[in-house]
Amino acid sequence: MPIEEGIDLIADLLDPALGSPRLMVDPKCVRLIEALEGYRKRADGAPEKDGRHDHLIDALRYALVNHDRPAAKVEVRRY
């Protein structure tokens, strides 16, 4: 999923057009809240990679995108 689509997914879960938010962030997650509040987009609409806020947002995006995917087969290798 392109970054912009993942960011839009987070935004839609936090502030849907209809109904209550479907993503709640625990108040103890101070750094994630700061990242969500400090996240910015450039003038062209692309996410601003500032090295401070984007890592936590990326981790949340990866978790949400992969949450509903069918489980992949796990292969165990011994070396």
Lys41 meets the side chain to side chain donor-acceptor pair (under 3.5 Å) criterion, sequence neighbours left out, with none

Using modelled atom types only, decide if a donor and an acceptor are shared between the side chain of Asp15 and the backbone of Ala11 within a distance under 3.5 Å.
-> no

For Glu5, the side chain to side chain contact (heavy atoms under 4.5 Å, CB included) test, sequence neighbours excluded, returns Met1, Pro2

- Item | From CA spacing to verdict: side chain to side chain contact (heavy atoms under 4.5 Å, CB included), Arg31, Leu56 | CA-CA 8 Å; Arg31 292 182 62 202; Leu56 290 168; 3.9 Å; yes

When rounded to the nearest 0.5 Å, the distance separating CZ of Arg22 from CG of Asp12 is 7.0 Å

Point to revise | Flag, side chain of Asp54 to backbone of Gly51, donor-acceptor distance under 3.5 Å | key: yes

Open item on the list: Between Val25 and Leu9, is there shared hydrophobic-cluster membership here, with clusters defined by ILVMFWY side-chain heavy atoms closer than 4.5 Å?
Closed with: yes

* Asked: Should Ile7 and Tyr39 be marked as a side chain to side chain contact (heavy atoms under 4.5 Å, CB included) after you check the CA-CA gap, both sets of side-chain angles, and the distance that decides it?
  -> CA-CA 10 Å; Ile7 298 301; Tyr39 196 78; 3.4 Å; yes

Taking the side chain as every heavy atom from C-beta outward, state whether Ile3 and Pro47 have any pair of such atoms under 4.5 Å apart. yes

Is the shortest distance from a Lys or Arg side-chain nitrogen in Asp58 or Lys49 to a carboxylate oxygen in the other one below 4.0 Å?
yes

Here the gap from Leu13 atom CG to Asp8 atom CG, rounded to the nearest 0.5 Å, amounts to 11.0 Å

Residues at least two apart in sequence or cross-chain that pass side chain to side chain donor-acceptor pair (under 3.5 Å) with Arg42, listed by chain then number, are Asp44

Looking only at heavy atoms, the pair that brings Pro21 and Pro16 closest together is CA-CD, 3.7 Å

CG of Leu36 to CD of Glu34, rounded to nearest 0.5 Å, is 10.5 Å

